[in-house]
Structure formats: structure tokens, C-alpha cells
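Below is one structure; the comments refer to it alone.
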2 protein chains.
Amino acid sequence: MEGSWASVCTSLKLQIRTVKQVRRREVIRTGTTVEQMVRAIADMIVTGTMLPGEKLDEASLAARFDVSRTPVREALRQLGAMGLVEREPNRSAVVTNVTGSYLHSMFEAMAELEAICARLSAERMTIDERRALEFEHRCSMKLVHAGAEEDYAAHNTEFHTRLYRGAHNDHVFEMVTQTRARLAPFRRAQFRLPGRLSRSYEEHERIVTAIMRADSAAAGQAAYSHVAIVSDASAVFAVTNEA
Amino acid sequence: MEGSWASVCTSLKLQIRTVKQVRRREVIRTGTTVEQMVRAIADMIVTGTMLPGEKLDEASLAARFDVSRTPVREALRQLGAMGLVEREPNRSAVVTNVTGSYLHSMFEAMAELEAICARLSAERMTIDERRALEFEHRCSMKLVHAGAEEDYAAHNTEFHTRLYRGAHNDHVFEMVTQTRARLAPFRRAQFRLPGRLSRSYEEHERIVTAIMRADSAAAGQAAYSHVAIVSDASAVFAVTNEA
DNA sequence: GACACGAAAAGTGTATGCAATGTGCGTGCC
DNA sequence: GGCACGCACATTGCATACACTTTTCGTGTC
């Protein structure tokens, strides 16, 4: 499905085409110009290269990507529908800067969605999926001891993605992935809080244990409280981003 | 937020501008041309005027709405991001026709989302909201006795919308509203099944009772099974729409 | 008669131009 | 000195034109 967050988030590489053939368009395997721009801009927002509130001027983007304004406009429209940028008539698009109240509702929704995924994963994961999740989790232990925040963040993303896929429900996967992307700009600093790494590891431990036991209720509760704690950890950081 | 399903779904009136001033654009209070088209096309899909699999030719739409292809393309891109149409490069957009497996995942997700809304509503609804929900529910009794399928369907939409709003969580509201819109084409005939009206009423009764008692667990369970039954009722109809 | 090749037609992708709306600054009046 | 009006500039909204891709239909050959 077009604009699926699965594709946007799994391709974390910036894909800006810097040179363009004058009359002969190079065949790019990644799709049309618009799709490339959607991915590129989404990445910039999700990774924090562009901060909430920042303006996205059509002409500047067109110049930057070396295309005309038409595909830029379509990309911005799609990003708007995805919730990553906000647009109103005759105004520049701006990177979405949600209110504190809406941010809270997204974290709460995220907790519910993670709980759903954990419950369903506990019931439905194949043996291989369970083993892979546990292995991924065990591997992260050394990152905790080393205090490798960046690496742990990458592991954390992978861990949760496995949880989402394990639910074996494509629509839930779409919703949770999209919600995570929209929350990304607001929780970047969570692992820099002292002791957050080891607490995160312990929380993952509870989730993994419950899933290995196929205890869906326990898995759901563990996942819910895990996100709730992340929400608290991000709260301080979030307010600093209010425009 | 642009493309929010709240706006699309609450404005159920078709808003096609049939005549256009030659050089002087009439001031339309409903927003830009693209937004009007998004609403209009979304309505056609959700209400069943356009069936899943139907092609959306850009030139034809442009002629039909008396605009150029540029706004049509932007509208189609937004509808694509919303999941109502599917697009691939150099192909016409088509009304989304999901696979049976994805349809199942959407119904399952819908049940989870409704359960969340019911739980949160049981905890958070104001006195007025509770009373309004109960009143709305009581009013529908006579529609059941009269067998007024169309009117009951409208009531049903209103009832569920109150449930979604009562959760007091904007992001959950967005997700559940968008999911409902995408499911709409596949459950149109649910109330034509014999006895469905009175069963629906009884299921609503259980939800309302639990919410009035602030029994969130019971409300969640009642809402979940309510949707699960709708899913079964729609299953027969859905397969007839497979391309 | 069937299959392969090719040209035309249909339709999407992108660029560019112009109109309209919003913004900011400067000037004049109170 | 402050506020209001207005003009110029910046930027978006939409239309049109053209390039490219895909499909389809016709023709010729095997």
C-alpha cells in the first residue's frame, strides 16, 4: 500500500538524488520521484534532522532535490496525510509539532497498541519467531553493560519491530508503525536518561518471558507499562520542543 | 490535521462543484479544490458509489470536477496515503480492494480498537456523555421494532462515534475512525441479515450498561465481541467483492 | 490460424507559467 | 509614538504543455 509506514521506516537510508539527467531520466529502482522524496523527507523528520515546527518551503525543496514543485507538492500532501507535516491553504507545510495533550494521547495509544501486539505475539508467534526475539534480546545485554546508547536504540527498534510482526496482523502492524514514526521526534533522548538502558532491558525481559510462556495477559501488561515508562521518560524532553 | 478522518466522515454530503467561474474563483467555504475532491471521492468510496477495484482515471475525474489534473493527482495521492485507493507507477489509481486476509486483520484490529474505546469511555466519559450515549441507544429501540435498516445504520454510526469520542484520546479516535472508513465498503449489507438489528441492539445494551456502571473490563469485552460478530456477518458479503 | 513485431493511442509523470493569497515593511495619519 | 492603511514581495494553488511508459490493436510472417 502506498505510503505504508512499513516501507518508510525499514528504509532508513537517506535517498536524495543529487544529480539529474537533463532529458534522460535515470532509472531509479526505488520508484518515482515523489516516493523518493516522501522517504527522504520522512527520514529527515523521524531521525530529527528536521525539527518539529520547521517550515518546508516548496521551492527550496524543489531546488534541493532538483525537481519541479509538482512532485514536491504531491510528496507534502502525502506526508500531510501521514501526519508528519501539517498543511493549511496558502501556508508553508511545517513539520508536525503536536500539542502536549495530543502527544499524551499518542503515547497512550502506543501503549495500547504495543499491548495488543504483545498479547497476540504471545499467542501466535512461531517457534522461530520466539527464538529470534529471545536471541535479539539476549544480544542486547552487552550493549547495556557497555552503555552503548546508540547501538541499544537500534536494537530497541528491532526488538519492537519483531513484536509488531509477531502479532500476525497487518493492519495493527501499520497502525503501530505509523504511530511510532510520529512519536519518534519526541522520544529521541529517552536512552540518555541515567539508568534507562538497564530498566529498558528489564522491561524487555518481562515481555520476552511472558511471550515464551505464551502468557498473553502478562505479555500485554508488561508491554503496556514498558511504553508508559517511556512516555514518562520522554515527557521532559518533549516540552522542550514546543514551538 | 489534514486528511483527518474526522472531517471526511462527518461531512457525508457530496460536495462536487459543478460550475466554475471562468477567471474569478467563487469563494467556497469548504477549503481548497483538493480538499473538496478528497472528501467527495472518499464519500463515494465509503458509501459504496464506487466499488472496490474500480479505476480512478485522472483525466475523467478532472473533467467530472471541472478542474485540471494537478489537484486530482494530489487528491489521489492523499487518498492513497489514507488507504482508500491504491496506486502504482504509471497505473490508474483503483479503489482499494483488500485481500481476505487483510480484511480479517482490519476487523480484528477494529475489535481491539473498539474495546479500547469502550474501556476508556467507561472510565472517562462525563456524566453528560454517558447520558447522551444511553439516550441515543434508547432511541434506537423503535428503529429495531420498525425494522428500519437504513435509519438504524445511521444511528449505529452515531452510537459508535460517541463511543470513540468518549475515550478522550484523539489519536485513538483518528485510528478507529480511519479503520472504520476503510472497512465501510465491506460491511454495507450487515444489517440486512435477518435478526441482525435486534442482536446489534442487545450488544449495544451490554456496552451501555457496562459504561454506565463504569465497568471498563466488561465494556471492553462487550465491544470486542460486538465487532467480532459484525466481522462474521460481513464475511459473506465481503467475498462477493473480491475482484 | 497463431504468434511476433511495431506503431498508434491512451494515460501517467513532471515542468513551467500565471493567478491568487498571505506577509512584511514603509508611510501617513491620529 | 503608536496604529492603520496600503503596496511590494514571497509563496502557494491551479492550469497547461510536454515527455515518458504502458497497453492495445493491427499487420505481416511462419
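Below, chains carry the letters A, B, ... as their sequence lines are ordered, and counting in each starts from 1. Just so you know, these numbers come straight off a predicted model, no measurement behind them.
- Look at E158(A) and R162(A) and you find a salt bridge, because one of the NZ, NE, NH1 or NH2 atoms lies within 4.0 Å of a carboxylate O, short of that distance.
- Looking at H168(B) and E108(A), their side chains never bring a donor and an acceptor atom within 3.5 Å of each other.
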Begin with the C-alpha distance, continue with both residues' side-chain angles, and end with the deciding distance and a verdict on ring pair (Phe, Tyr, Trp, His ring centres under 6.0 Å) for Y152(B) and H155(B).
CA-CA 5 Å; Y152(B) 188 84; H155(B) 147 77; 5.1 Å; yes

N/O-N/O pairs, protein side and nucleotides 22-24 of chain C side, under 3.5 Å:
from    : atom 1 : to     : atom 2 : distance (Å)
dT23(C) : OP1    : R91(A) : NE     : 3.1
dT23(C) : OP1    : R91(A) : NH1    : 3.1
dT23(C) : OP1    : R91(A) : NH2    : 2.9

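- Protein atom CD of E74(B) is 13 Å distant from nucleotide atom P of dG13(C), rounded to whole Å.
- Atoms CZ (R69(B)) and C1' (dC14(D)) sit 13 Å apart, rounded to a whole Å.
- A donor N or O paired with an acceptor N or O is not found under 3.5 Å between the base of dT12(C) and the side-chain atoms of S92(B).
- With E58(B) as the partner, the salt bridge (charged side-chain N to carboxylate O under 4.0 Å, His left out) test is satisfied by one option alone out of R77(B), R73(B), R64(B), R91(B): R73(B).
- Rounded to an integer number of Å, the gap from NZ of K55(B) to P of dA10(C) is 13 Å.
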Do any N or O atoms of the protein come closer than 3.5 Å to N or O atoms of nucleotides 6-9 of chain D, and which pairs are they?
none

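- Straight-line distance from the CG atom of D57(B) to the C1' atom of dA10(C): 9 Å, rounded to whole Å.
- Whole-Å rounding puts the E88(B) CD to dG13(C) C1' distance at 15 Å.
- Between S68(B) and the phosphate of dC14(D), there is no side-chain N or O to OP1/OP2 separation shorter than 4.0 Å.
- With dT12(C), dG13(D), dT14(C) as the candidates, the nucleotide lying closest to the side chain of E58(A) is dG13(D).
- Neither side chain, H226(A) nor E114(A), offers a donor N or O lying under 3.5 Å from an acceptor on the other.
- Inspection of the H171(A) and S105(B) side chains reveals no N or O donor paired with an N or O acceptor under 3.5 Å.
- Set against dG13(C), dG13(D), dT16(D), the side chain of R73(B) has dG13(C) as its closest nucleotide.
- For the pair R87(B) CZ and dG11(C) P, the computed distance is 15 Å after rounding to whole Å.
- E35(B) places its CD atom 16 Å from the P atom of dT12(D), with the value rounded to the nearest Å.
- R180(A) and T161(A) share a donor-acceptor pair across their side chains, judged by distance under 3.5 Å alone.
- Residue H104(B) holds its NE2 atom at 7.5 Å from CG of N169(A), rounded to the nearest 0.5 Å.
- The CD-P distance, from Q36(B) to dC14(D), rounds to 9 Å in whole Å.
- If you check the side chains of S121(A) and Y164(A), you find no donor sitting under 3.5 Å from an acceptor.
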